[in-house]
Amino acid sequence: MSERPQAPRGTFDVLPDQAALRLAVERCARGALEAAGYQRIETPVFEDTDVFRRTVGESTDIVQKEMYTFEDAGGRSLTLRPEVTAPIVRAYIEHGMHKLPQPVKLWYLGPCFRYERAQAGRYRQFWQLGAEALGSDDPAVDAESILLLATILDELGVRGTRLRIASLGAPASRARYRELLQGHLRAHEDRLAAEVRARIDLNPLRAFDSDHPGTREVMASAPLLLDHLDAADAEHFAQVRELLDAAELPYEIDPTLVRGLDYYTRTVFELTSDALGAQSGVGGGGRYDGLAEQLGGAHVPGMGWAAGIERILLAAEERPVPAPICDLYVAVTGNVPGAGGPAAVAAFALAAEARRAGVPTQIELAGRSLKGQLKQAARLGARYVAIVADEGIELKDMQSAQQESVDSAGAVVAHVLRGRHA
RNA sequence: GUGGGCGUAGCUCAGCUGGUAGAGCUCCUGGUUGUGGUCCAGGCGGUCGCGGGUUCGAGUCCCGUCGCUCACCCCA
């Protein structure tokens, strides 16, 4: 068995049943997003490593240990995208989208790559659905964005969702708060977990995520970022909440909500589902008003989110996969695989004609016996089976089991078309 | 990277305290020479993840290794 080829660890094949489910998710998301004026964008699956290194943050796990980075034959350092927001901002800058009416609203669906140990809902290649609105810092952008994700998850039947929101403030107030928090952590350093202590300089906010008992005690009395926002940021956050209230979208304010990427400013949010395992996050995002500048562009405020397709599928209630339609199955008598013969040729021509007429048609391709062909037709849910023999064609209605001879391929197609609209 | 569980036919699994592999499902064929979704029979299909060890003999015991999976970490 070890000889059998296998997909690399943390990756998976999307088999037909799953592909149908994914298509349903894509259609639903696309409908909601495009109705709200978001347009699809696709960026390369790899980028210059700097695109991520400069935006996601040196201190993050993503940059420190999860990136698939490689050098191409030209000596360039490239990285398989671990997320799509930075590439989209890169594209916005590269294509001068600032000259378009703002905000520019974009959505995407595609694979991302992170080198992590796989577990339920976490893979090395996973698909993200996302939406980004660039060029406006209006709180309505934030609220609309959050509402869109919540709506999509709801329409998809994702169970047990919870929305948490917070504000990280602007860089200046965040920096001031950061020092405050670092002071608090240093004052109680001896009670903190080792990893937390090691991150006091790099990312003190992470301390809120710790479940280390000593750390939790220290954090219980820690200053909260929400209490230290600038007036403008506090007002922005208040407006976002007011709009969410107006849309009647329930949420919880979580002052310890920390997103795993460093580029977030002001609004951040996360949607979780209790139908998932340990990886309970279905999607999340926030505002990133400094991201474009980090990439060397002008100041461009932005807001967006990403959701994991695999997690959506895991958390969504089971839905029946619609069976593919087959209106006509073309069988051949005296079937000998590869032997051809006039009946086989006539059958092929009949199938071609039916398809040209728009009839979903399948034809015997495996040299089965007539009994086997009927069985196959039944499996496919075919409405009609045309049995082509050297002597002529018979058309069988699979539901009524009635059968009559038909004198031409055209008559078969006409009959099937009539039956379909009946 | 660390820890727990698991690794027997395409799929789901059985195989007791060691004696050289089974079932169900699926697929194909046959059951009147050309007819389906039920039934019956047959067939295709496995170096029991891999390597080593103990033993007269291991799927069954021991060691190692790889893989899958769940969890930690972190996130989609």
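Protein chains get the first letters and strands the later ones, always in sequence-line order, with residue 1 at the start of each.
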Worksheet item: OP1 or OP2 of B:rC68 sitting under 4.0 Å from any side-chain N/O of A:Arg9?
Response: yes
Worksheet item: Distance check: side-chain N/O of A:Gln119 vs OP1/OP2 of B:rC72, anything under 4.0 Å?
Response: yes
Worksheet entry | hbond_proxy A:Glu116 side chain to B:rA76 base (donor-acceptor, 3.5 Å cutoff) | yes
Fill in: Under-3.5 Å donor-acceptor pair between A:Arg122 side chain and B:rC74 base
yes
N/O-N/O pairs, protein side and nucleotides 25-29 of chain B side, under 3.5 Å:
residue, atom, partner, partner atom, Å
B:rC27, OP1, A:Arg379, NH1, 2.5
B:rC28, OP1, A:Arg368, NH1, 2.8
B:rC28, OP1, A:Arg379, NH2, 2.9
B:rU29, OP1, A:Ser369, N, 2.7
B:rU29, OP1, A:Ser369, OG, 3.4

Fill in: A:Glu34 and A:Arg30 ion-paired at < 4.0 Å
yes
Using a 4.0 Å heavy-atom cut-off, does [X] contact any base of the nucleic acid, only the sugar-phosphate backbone, or nothing at all?
X	answer
A:Gln403	base
A:Ala120	sugar-phosphate
A:Ala401	base
A:Glu391	base
A:Ile62	nothing
A:Gly121	base
A:Val385	nothing

Fill in: Ring centroid separation A:Tyr329 to A:Tyr384 under 6.0 Å
no
Discussion item. What's the closest nucleotide to the side chain of A:Arg117 if the choices are B:rC75, B:rU69, B:rG34?
Written reply: B:rU69
Item to complete: Identify whether NZ of Lys or CZ of Arg in A:Arg124 sits under 6.0 Å from the centre of the six-membered ring of A:Tyr115 and within 45° of that ring's axis.
Response: yes
Worksheet item: Is A:Trp127 stacked on the base of B:rA76, with ring centres under 5.5 Å apart and planes under 30° apart?
Response: no
Practice prompt. Give none if B:rU55 has no partner; otherwise give the nucleotide forming a Watson-Crick or G-U wobble pair with it, both distances under 3.5 Å.
Written response: none
Discussion item. Which residues pass the ring pair (Phe, Tyr, Trp, His ring centres under 6.0 Å) test with A:Tyr38, not counting sequence neighbours?
Written reply: none
Fill in: Between B:rC50 and B:rC68 - C1' atom distance, rounded Å
15 Å
Worksheet item: How far, in whole Å, is B:rG19 from B:rU55 if one measures between their C1' atoms?
Response: 11 Å
Discussion item. If we ignore hydrogens and angles and just use 3.5 Å, is the side chain of A:Gln18 paired with the main-chain N or O of A:Arg22 as donor and acceptor?
Written reply: no
